[in-house]
Structure formats: C-alpha cells, structure tokens
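Below you'll find the structure, written out as structure tokens, and then a few comments.
Bear in mind the structure is a predicted one, so any value in this text is a computation, not a measurement. So that the names make sense, note that chain A is the first sequence line, chain B the second, and so on, each numbered from 1.
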Amino acid sequence: MPTQELPKTYNPREVEESLYKWWEESGFFRAEIDWTKESFVIAIPPPNVTGELHMGHAMFVTLEDIMTRYHRMRGKVALWLPGTDHAGIATQLQVEKLLMQTEGKTRWDVGRADFEDMLWEWKERYGGYITKQLRRLGASCDWSRERFTLDEGLSEAVKEAFVRLFDKGLIYRGTYLVNWSPNLQTAVSDLEVEYSTEPGTLYFFKYLLKDSDDFIPVATTRPETILGDTAVAVHPEDERYRHLVGKTVIVPILGREIPVIADDYVEREFGTGALKITPGHDPNDYEIGKRHGLPILNIMNKDATLNEEGGSYAGLPREEARTRLWADMQAAGLTIREQPHELNVPRTQRGGEIVEPMVSTQWFVKMDEMAAKGLAAVRGGDIRIIPERFEKVYYNWLENIRDWTISRQLWWGHRIPIWYVDGDEERFVAARDEAEAWERARAQFGEVSRLDQEEDVLDTWFSSGLWPFSTLGWPNDTEDLRYFYPTSVMETGYDILFFWVARMIMMGLEFTEQAPFHTVYLHGLVRDEQGAKMSKTKGNVIDPLEAAGEYGTDALRFTLVTGATPGQDMNLNMERVEANRNFANKLWNTARFTLHNLGAEERAEIDTPHMPEARFVALPLAERWIVSRLNQLIAEATRHIEEYNFGEAGRALYNFIWGEFADWYIEAAKTRLYSDDEAAQHETRAVLLHVLERTLRLLHPFMPFITETIWQNLPHAKETPSLMLAAWPEPGPVDAEAIAQFEALQDLIRAIRNTRQEYGVEPARKIAATIVAARNFAEVEASREMIALLARLDEQALQILPSLDTPQEQAAHLVAGEGLEAYLPLAGMVDLEREMARLREQMEQARGEIERLNVRLANPGFVNKAAPNIVQGARDQLHAAQERLGKLEERQVALNSGR
RNA sequence: GGGCGAUUAACUCAGUUGGUUAGAGUGCCAUCCUUACAAGAUGGAAGUCGCAGGUUCGAGUCCUGCAUCGCCCACCA
C-alpha cells in the first residue's frame, strides 16, 4: 500500500461516489446470517417510491447509518433493510396531475386498467431515484434485501394480515360518516385530516315554526348544509326554547318539515343557543342524529357538488350553493345577520382541499383490542420510546383511538382481498386469492356463480404497518425472519408516531406476538435557520444533495447529528455545515501531518486492540497524555452512543480531534519528531498513527467518507479491507497524573501567551523565560520534559531558560497547576506598575476563590451532606488557591523590594 | 378545551442521575501568510441561563405559578 502525498484540502466530491460504489460492490453492506453472532436490525422508514429527497431523509439516514455502522463495527450482524413505499395518495396524485397536464384527462377518463399501467410506468421511471439519493448520503443499507410495499412478497403479507384480522372479526364493513376528499374522491382516515384556522363567517338565520310566525334563530358557518338538516336542537334546560321542543320547523327554501329536539350537547351560550342538525355532513350532528333516530340526508355527490336532495341547487359546488342559498334566504327574509368568525377548517393532508364529512360504506379495523396490547407493550417496557415524553403522547392516542378506516377509493395500492358473492354487497368472503375465495364462498353460501373482488384498495399505512416483518419474509417462516426479527431500533420522525410507529407496534404484536423492535428513537423536524418549516412555496428548502455537494456529505451528516437532540426540531443553518466542512479538513490535515512524517517502518501495530500497557507506561508525558485522553474518549463516545446521545458523542469527537489532538499533541510531537533521537522519532510516529487510526474508527459512523479515505491511506496490514468492517476500539489504560501534568502545562502556556498579549509584546519577539517546576516535581524526569515541551510549544515566542531556582530580577510571575511556574523578565517588556496591578488582580481572584470555598467548607450542611469526593474536591481547590495566593504575595514583596 | 416542547453570548445550538468561575460553532475585536491546515494559528470581549416564588448545604438542571413563541390532540354550530 503505497502512501501518496495527500492534497492540502479534502475534496469530498472526488471520493464519495466511488467510495460508496466500492463499499456496495464489495458487499460490505450485506448482512450475512451468522447464528453465533448477535444481530442489529433497523428497518428503514420507507420513503415514497417516487418522492424527492429532503432533509428529513438526510436526518434519518444519518442517525440510522450511525447506529448501523457502529453495531457493525462492534461485531454484530448489522442489517439496515431498505425499501420504498408505494404511497397511495401521494403517488396517484402525481400521476393524475401529469395526466391532466399532458392529456387533459382524469383517471376516470382513461379507466382503471390503463391508469394502473401508467402508475407502474411512473414507478419504474422514478422509483430508483430516491434510493440513489439515499446512497449519496452514505447509507450502508443492505440493498440486496431492498423491498417495495407492492412487491409480491409484501402483497402476500398484506393479504395474509387482512384475512387473519377479518377471520378474527376485527375487520368490518359499514356505512358511517367518514372524512371524504372530494378531489381524490376517496375516504381518508382521521389522521389524514389537518385543521387550519381561517377567517370565516357565522351566519344567523330564522327557522320558522310550522303554522306560526314565530321562529327559532340559528347560527351556522356552513349555510349550504341547511339543505340537509333533519332537526333543530336546543338544550333541554334552555328557558328560551323549552316550549318549542317537539314542535315542527320548516327548512328554508326547501320547505321540508323537521322536528325541534332537546339534547344537552347544545351549548346555550354559543351562537343563538339553537343548533341545526345535519347528520349527513357533520360528525357531531351525526352522533346526535343517531341518538334521536333522525334520518341521515346526504345532499352531496362524490365531488362535493349538491345532489338532487339539494333541490334547485343540485349540481352546484358547495361554495356556490352556499352563496346562492344565502341570497335566496335573504330575499325571503329568513336571514338575521352575519358576523366574522374564525373557523377551524378540516383539510386533507395531501391535496389540501376541504374535507367533506360524508356518509359512505367503508372498511374498518376495530382498534380497541390491538390498542390495549400496544399500550401494554410500552407500559411494560418491552418497547422504549426515546425521548421518553413521547410515551405519554403515544398512550394518549391509543387510549382514545377510534376505529381505523382502511379502505380507499384509489387505484394505486393493495386491492382489498374481499370477494362479493353473485353481485350481492351483503355477501362476501375474505381470501388470500381467488381460489380460496371460491372455496370459502361455497362453504359459506352454497351455490355461487360469480365472485367480484372489492374495488377499493387499502390505506398505505396498512402495508407499512407490517414493514418490520413483511420485509423479512413473513408470513413465511424464512431464515431472515427467524434471525433478524424482532428488529432492534425503529428510528423515524415524531410526526409519524401515530401513522406508522403505533400501527407497526399493534400489528407486530398481533401477527408475530412480539414487539417488532425494542426501541423507538424519534428525531425532530429539520427547519430553516429561522425555525420555519421548509416548503417549496416558501422557497426555503435546503436540498440535502446540494448541501452535501458543496460541503461534503460528512459535513452535512455531522451537522444534522450534532445540531439536535432526540425529538427536538432543529434549525439548520449552512454556516454550521461549513464549520463542519472545516472540521473535516482539520482532520484531513492531521492525517497529512501524520503520514508526511511517517517512516517506512511504521505500520503494523495499529491492528492491535489497544496499546500494550507496558509500552504505554514507558511513553513520555505528552504521549501518555494523548493516549490517556484517547482512551477516555473511547469510553465516553461508546457510552454516549449506547445511550442514543449521538450528538454528544459527535461533539466529544470534535473536541478531541481539533482541541487536543491537532492543537496540542501534534505540536508537542514535533519536539521529538524533529529531534536527532531516532528511537524517539519512531515512538512518536507510532503514537501519532495510533491515535489517528483509533480516532478514524470512532468517527467513522458519523463521517464515513473522509474517515475511510484517510484510513485507506494509512500504512497498515489491513486485516480487514475497509474501515467500516474494522473493530470498534476498546478503551485502554488512562494515566490520570499524566493528564493533570499536561493540563498544567497547557495552563502555563496559555498564561504566558496571555501575558505577552496583555503587554503587547510583538509576536516575533522572543522572551527569555525562566521556568520553575515546583519541589514535588523538581526531581522527576517529568519536569525537565515539561520544560522541553514548553520550549517546543512556544518555540516562536519564548527562549526558555530552564531553571529550578526563582530568578532574582524583576519579572512577571505566572503560576499553573501541578506546581509549574514561569517568570517572564520585566526588563524591556514589563511595566512594573502594570505587573503590580496584574498581580493585585490575580490575588483578588485567588482571595475571592478562597473566600467562596471557605464559606462552603464551613457550612456543616455541605460537609455532612455532600458526596465525599465533592467535599474533598473543594478542599483540594482551597489548598491550591491558598498556595497560589502565597506565591503571588511573595512575588509582590519581591517586586516591591526590588524597586 | 387538554397535553407537550422551547426560552442559555449578537446569531444557531449543547449542557444526561443537582456539585468549582455555564460551553461550542458562527460573528465581533486585536495580532500573525510559524515548514499539516488562512477551510488556519494565538489572545480577547461578550451570558442577572424568560419572569416570580419554593425545595436544597448547593438550582441552568427539581417543584409551583406566570409570560412569550411553537407543536400535537380534541373540533362549539
């Protein structure tokens, strides 16, 4: 493996695509079943098959890829199972739109068979696009197991699930008031309805009593529904209207007679206190109608135009019917007034048009039983939701769940496996295929001459609900299913907790009698930098591939993972992506430095689990420090990842790589690297290489491309061909004393630099400094070594005069922890007055600290109740501060007497 | 109407069983083209942790109330 000179800056565009291709073609993403090993499985949240990549995808790819790569490196059989969703409504809408644009036709114009062909064509053309985009983000999915919800296997699972639920009596057909989408002409579930607050009008009008001039005043926001009224309701205890209960009133314009009823649902304070009842087009009225046995009048066609029940308004769209009717009522003197009123308008999630509650015959799933099991699984701890607060949201939804409308009057989806017998809507069987349907129909109904399959398809989420196991082969008892199921983590956005996660849990429990995963990790929405939702109409969408193209996929991923905490929305700003691009470049240059200084002999050792203890203890201070810090980092990053705190893990890596490895260790290493001591050189290179290589492993799940690229350039034996297959590092020894000593060194250097700047010493000017290591270090090798290090680290600025004696001349005096001191000569640099002032300020600080600590330690509550290590820590601090103050006082005296 | 989240430096955000003097990136000021990196280096300024109480030896962190913004659920015509 020849090591070539790396370019000065990392160029992601040059490596990402080919690297990914190599990973994929080499089969590194493939999960091979190995019964001696543990598995780690994530089923991807399947994107819409013809969808476009957005930041939500980038977010889940980042998080799921981190988990998958991490567990793969930990030696598990890691399967990230990819696939796409047919996305019934979304896809059909796209194709309908295209059909309208190109041919000016609706789907009904071309007919079901041809339209279905168009859908499949569309899917074939655009279906691969989204998965290509996921690849660009580095997703280490096992593409050999890719699934699509309309695949044969998954369709089989859907039929099986449906029939089982049907046989159990959990699926029923019924005529109820459902949410109707007039554009799509299909029913949608409650979840697919979104409410928006919009300005509107509250219309007051008169309901005339039959055979009387008297009237009941009624208020409505939707006058057109007057045409479907079958009663007027008042509160039973309302004195104003009590005497009218049981009387008959006349529907305006139409002249129909309807009763006045009493129901305590009516709010006396709202409007006029009298409520018109339209059971055919309002959910609450529907309930009231059922209670009172009122007729249900459907006044609309499927496209929300008025039907023949609307009398002369028949054929008009609902909005137009409203204005016409109101005008006619005004002319007839039946109106009272209008007032502005804020409306909560139900709109369909996809199309955005106003939902029309409409009575129709649909298929439903009974939810109570399944919901109870779903609740128990989370309550009992079989499933954990992260962040925990969403457990409450989940409970709340399942506790109040209503039956699920699963039929859709669409043409793109799984056709409901119900067969009607001899054209009779009341006689039907559920069956996995037509043969079984005949069998079942004959067994149940005897002579059967014709079977017709249900025209409706199933809600997309019905098939998605089976995803964790249908993708693994269920209902067949496949090896994949046995080995990989249940899956491990379900990672997705909190916005589909009800749509998808809850249903997967319920269906998993129902069909496999197991929770489909043990952990649900919910991420937040990615918003723009002002916190606004990204949308095409606002034009504030940041395309993940554009961002990745400009700054690198790794930078984008790192930004997404470190910028947010679980379940929390994040505001993405490109400055952060740029900053992380810079971080990638920093890492790149640490690698360049390491490789540049490498000799031919440095290689093999990095394949060992960690540095042998015996070698470690013999290392010089800086080396023991960085290796100790690395080992602490390994433990810390591992802990954070295990606890799903990926952002914290990422930040810890960032701080180590930039703040410790690059800023300090590499500088410190130069002392020995550029010395004449060949053994020392070799040792230093080995440590550089060791730390770099371990760091690459730790960072790989977060930034797969750059880490692999560098890793491939490292001169080592490569027991594994790719970093993604390398073992996750194990923490080695930590030398706490080395850490403390090196940190003291850092403190002192910072203090020296700070003093120079304070006194405005020009950077190029060297200062002769006297460094004194305190008595407890005076004898040990460490102090000499520290002084040498210091000389190197501030080579440009300092001429170090190592000494164990306090100098007598006037000098600025600096003290760091671990008994390190520095004296910077005053001559030519230091103004005595300023130095005295500086000393006073530092003494003031020290006294303040001593005061605070004394107060704390004098408090019996603190000494008795606080943890012993906390108390001891305070004592140590007090001693250090006292010592520091003592030195400062000595120095003050010395300076004064020297005057 | 019910529930949840957010409120920390100029901006975008971390801060995980309560424990020194609250951190990062960006921006800002000053200096530097030092032989890995100007996508860089060094130093610096910058926060009464939304407000008011409480618990505690000790609160950004726990409790109560309030304010502002946002989200979810429910759907009073």
Between [M] and [N], how far apart are the [atom1] atoms? Round to whole Å, please.
{"N": "B:rA9", "M": "B:rC76", "atom1": "P", "answer": "41 Å"}
{"N": "B:rC13", "M": "B:rC71", "atom1": "P", "answer": "15 Å"}
{"N": "B:rA14", "M": "B:rC49", "atom1": "C1'", "answer": "13 Å"}
{"N": "B:rG44", "M": "B:rA36", "atom1": "C1'", "answer": "26 Å"}
{"N": "B:rG5", "M": "B:rU42", "atom1": "C1'", "answer": "41 Å"}
{"N": "B:rG23", "M": "B:rU48", "atom1": "P", "answer": "15 Å"}
{"N": "B:rG40", "M": "B:rA46", "atom1": "P", "answer": "25 Å"}
{"N": "B:rU61", "M": "B:rU21", "atom1": "P", "answer": "15 Å"}

Candidate nucleotides [options], ranked by approach to the side chain of [X] - the nearest:
{"X": "A:Y195", "options": "B:rA6, B:rC75, B:rC37", "result": "B:rC75"}
{"X": "A:N284", "options": "B:rC76, B:rG25, B:rA77", "result": "B:rC76"}
{"X": "A:N573", "options": "B:rU12, B:rA36, B:rU20", "result": "B:rU12"}
{"X": "A:Q568", "options": "B:rA41, B:rA36, B:rG5", "result": "B:rG5"}
{"X": "A:E667", "options": "B:rG15, B:rG40, B:rA36", "result": "B:rA36"}
{"X": "A:N582", "options": "B:rA39, B:rC4, B:rA36", "result": "B:rA39"}
{"X": "A:F270", "options": "B:rA36, B:rU12, B:rA77", "result": "B:rA77"}
{"X": "A:F498", "options": "B:rC72, B:rU21, B:rG5", "result": "B:rC72"}
{"X": "A:Q877", "options": "B:rU20, B:rA39, B:rU12", "result": "B:rU20"}

Confirm from the modelled atom types if [X] and [N] form a donor-acceptor pair under 3.5 Å, side chain to base only.
{"X": "A:N645", "N": "B:rU16", "answer": "yes"}
{"X": "A:N396", "N": "B:rC73", "answer": "no"}
{"X": "A:K586", "N": "B:rC37", "answer": "yes"}
{"X": "A:R753", "N": "B:rU42", "answer": "no"}
{"X": "A:R581", "N": "B:rA39", "answer": "yes"}

Contact under 4.0 Å: [X] side-chain N or O vs [N] OP1/OP2:
{"X": "A:R389", "N": "B:rA6", "value": "no"}
{"X": "A:W658", "N": "B:rA41", "value": "yes"}
{"X": "A:Y265", "N": "B:rC76", "value": "yes"}
{"X": "A:K8", "N": "B:rA38", "value": "yes"}

Students often mix this up, so state it plainly: with edges at 30° and 60°, are the rings of A:F558 and A:F583 parallel, tilted or perpendicular? tilted
Write down the distance between [atom1] ([X]) and [atom2] ([N]), rounded to a whole number of angstrom.
{"X": "A:L853", "N": "B:rU20", "atom1": "CG", "atom2": "P", "value": "11 Å"}
{"X": "A:E648", "N": "B:rU17", "atom1": "CD", "atom2": "P", "value": "11 Å"}
{"X": "A:L857", "N": "B:rG58", "atom1": "CG", "atom2": "P", "value": "15 Å"}
{"X": "A:N400", "N": "B:rG3", "atom1": "CG", "atom2": "C1'", "value": "11 Å"}
{"X": "A:R222", "N": "B:rC76", "atom1": "CZ", "atom2": "P", "value": "14 Å"}
{"X": "A:E578", "N": "B:rC13", "atom1": "CD", "atom2": "P", "value": "18 Å"}
{"X": "A:M570", "N": "B:rA6", "atom1": "CE", "atom2": "C1'", "value": "15 Å"}
{"X": "A:L673", "N": "B:rU34", "atom1": "CG", "atom2": "P", "value": "20 Å"}

At 4.0 Å (heavy atoms only), tell me whether [X] reaches a base, stays on the sugar-phosphate, or touches nothing.
{"X": "A:R875", "result": "nothing"}
{"X": "A:R576", "result": "base"}
{"X": "A:E267", "result": "base"}
{"X": "A:I666", "result": "base"}
{"X": "A:A579", "result": "sugar-phosphate"}
{"X": "A:Y654", "result": "sugar-phosphate"}

Test side-chain hydrogen bond (donor to acceptor under 3.5 Å, both in side chains) applied to A:T225 and A:R322, A:E356, A:H281, A:K276, the passing residue: A:K276
Both distances under 3.5 Å, Watson-Crick or G-U wobble: report the partner of [N], or none.
{"N": "B:rU21", "answer": "none"}
{"N": "B:rC71", "answer": "B:rG3"}
{"N": "B:rA30", "answer": "B:rU42"}

